[in-house]
Amino acid sequence: MCGIVGIIGNEPVAPLLVDALKRLEYRGYDSAGVATLEEGQIARRRAEGKLKNLASRLNEAPLYGMIGIGHTRWATHGKPTEQNAHPHATDKVAVVHNGIIENFKALRDELRADGAVFQSETDSEVVAHLVTRELKRVNDPVVAVRNILPKLHGAFALGFLFAGENDLLIGARKGAPLAVGYGDDGMYLGSDAFALAPFTDRVAYLNEGDWTVIRRNGAEFYDAGNVLVERRIITTQVGSGLVDKGNHRHFMAKEIHEQPEVIGRTIAHYIDMATGDVRLPTDIPFNFKDIRRICLSACGTASLAGLTARYWFERLAKLPVEVDVASEFRYRELPLDKDTLTLFVSQSGETADTLASLRYAKEHGATTLSVVNVATSTMARESDVVMPTLAGPEIGVASTKAFTCQLTVLAALAIFAGVQRGTLSQERARELAQQLIASPGQVADALLLESKIEQVAHKLAKARDVLYLGRGASFPLALEGALKLKELSYIHAEGYAAGELKHGPIALVDEQMPVIVIAPRDHWFEKTVSNMQEVAARGGQIIVIGPKGTAVNAALTPIASIDMPDVVTEFAAIAYSVPVQLLAYYTASIMGKDVDQPRNLAKSVTVE
Ligand code: M6R
């Protein structure tokens with residue numbers, strides 16, 4: 001992962017590099033660094049931890065160079081120390097890297113044998129030494145980079161700065177995104193258009209295998225065969241303002257509260273409010289009547305949105321759905337055919353495993369449909385059909401509003417598929433669309449339970465382990481609840497299908513174990529209540545999330561009840577996401593954890 005940036009400007013670039021890095025922190029925040037040319041010599045400032053540490057370092061010891069590169073890191077090889085922070089440099093070249101150099105050990109041994117002295121434990125440092133060695137041979141930075149790129153195995157986006165070269169940056173891309181920005185006051189290199197937005201909205205994306213030579217007066221692009229090529233400059237719609245927290249303490253809180261609005265906006269994009277019919281904003285090059293199965297692939301929370309949608313596609317459109325986490329899908333060698341629709345779900349549209357799965361599907365002749373939040377992302381650009389979620393920028397590492405918008409889009413698609421396949425009558429499809437239209441209101445009602453949920457979170461904050469249970473479309477939400485609690489509070493949590501508990505995990509249940517039961521009034525409600533009895537009989541500390549009276553009617557005394565609006569809807573998972581999110585949010589806040597940037601994580605996982 002990691003974010004990279006480069007600037008050739010007309011003023012000291014270090015503060016501008018830090019500004020751009022702020023916008024790339026979603027790619028990692030273990031450490032950060034910049035390098036500029038000070039009187040022709042490479043000078044670096046690096047710091048362990050969040051970007052604010054680098055900003056303080058630069059305050060104490062400013063840099064004045066008008067050309068430079070910067071990096072924000074998510075550690076892959078080597079601990080997140082200052083020593084391992086990028087840029088990595090020799091006296092000739094500094095390099096920033098996003099990705100993994102898979103053959104770094106062999107290269108490092110070879111370079112050491114040639115006398116190179118390594119200062120870090122990273123895979124990336126080999127790139128600086130390779131270029132330095134090649135420079136001794138060819139004495140030309142452009143030729144040196146061109147010659148070493150084929151030696152690098154793995155995935156990378158690279159940015160290079162050279163001693164004595166005040167008008168030259170080089171970038172290279174293989175398996176990780178990279179864009180060149182054309183500004184009035186300079187030229188730019190960055191992991192994405194968002195990083196470059198404060199400086200310019202005119203960008204050209206490097207294609208896979210491309211490398212670029214950037215000077216003050218423009219950029220040249222070369223393809224993987226070193227042929228000079230044209231890359232189109234486009235005007236992006238990415239806003240230059242940094243999103244702020246509004247009146248909230250954390251981005252996550254703000255994003256949870258934005259859900260009624262963004263889900264509503266997403267619904268309006270997919271449902272014709274006048275007729276109540278689902279309509280897809282783009283033509284799709286297939287008819288669901290001809291589709292035999294869906295293979296859905298995604299990571300983390302996005303995969304759980306997919307798992308939820310499986311229930312909807314199967315129930316409403318009678319269409320079998322296989323769901324794989326993308327890190328498995330990409331290597332499964334799954335046979336695909338023209339009757340299979342491959343479906344990918346991603347907030348960022350840059351997740352390496354999901355992107356690789358999409359490319360696998362394309363190579364094997366399948367139609368690719370992606371549900372993505374970032375419209376300019378690589379997945380959006382490479383998919384046959386793109387269905388945007390209109391969640392707006394999501395900054396908190398924990399996916400919240402992106403998840404519920406993914407559920408919304410997938411629900412609309414399941415209704416659409418049901419109509420095309422003739423498994424839903426027009427009338428039933430409109431009823432279902434109305435249920436979906438009602439969900440922003442139900443989400444708003446669920447948000448009114450916030451102070452109650454905060455009280456319940458005080459109980460969870462004392463727990464060592466927590467179980468989440470759900471059946472049917474609430475089972476993926478149980479998994480999501482456990483994932484949210486783990487990633488934010490570092491409390492061990494597991495999600496189970498409620499009916500599966502008795503096949504083993506029930507042995508864990510005792511008086512210390514909070515068991516959160518997600519029980520909307522749906523097809524599985526009675527069964528879930530029975531499973532709740534089994535937990536109660538073993539002394540489990542039940543927290544019910546369900547319609548008012550669920551526990552009382554079952555003669556249970558839970559430690560807490562979160563009373564949800566009592567509505568019958570196929571799409572209860574959307575509103576029931578809210579208590580699940582708020583429980584994790586408040587538990588982590590009460591425990592004093594960094595809710596927006598939990599340890600060891602990054603918003604966008606661009607390495608496999
Ligand atoms: O950008 P994506 O939706 O592809 O990201 C997938 C996962 O990395 C992401 O959902 C992750 O699981 C979140 N941190 C969960 O809150």
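Note that this is a predicted model, so its numbers are computed, not measured. Indexing begins at 1, ligand by ligand and atom by atom, following the structure's order.
No side-chain heavy atom of Leu488 sits under 4.5 Å from any side-chain heavy atom of Val397. Glu450 is not listed as a side-chain neighbour of Ile256, based on a closest heavy-atom distance of 4.5 Å or more.
For ligand 1, the 4.0 Å heavy-atom shell takes in Cys299, Gly300, Thr301, Ala302, Ser346, Gln347, Ser348, Thr351, Val397, Ala398, Ser399, Lys484, Glu487, ordered by chain and residue number.
The list of side chain to side chain donor-acceptor pair (under 3.5 Å) pairs with a residue in residues 371-381, not counting sequence neighbours, reads Gln347-Asn373, Glu350-Thr378, Asn373-Thr389. Annotation: ring-ring contact (aromatic ring centres under 6.0 Å, His included) contacts involving residues 581-608, sequence neighbours excluded, comprise His250-Tyr585.
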Please report, to 0.1 Å, the donor-acceptor pairs under 3.5 Å made by any side chain of residues 454-464, with sequence neighbours excluded.
none

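For the pair Arg330 and Tyr360, the cation-pi test (distance below 6.0 Å, angle within 45°) is failed.
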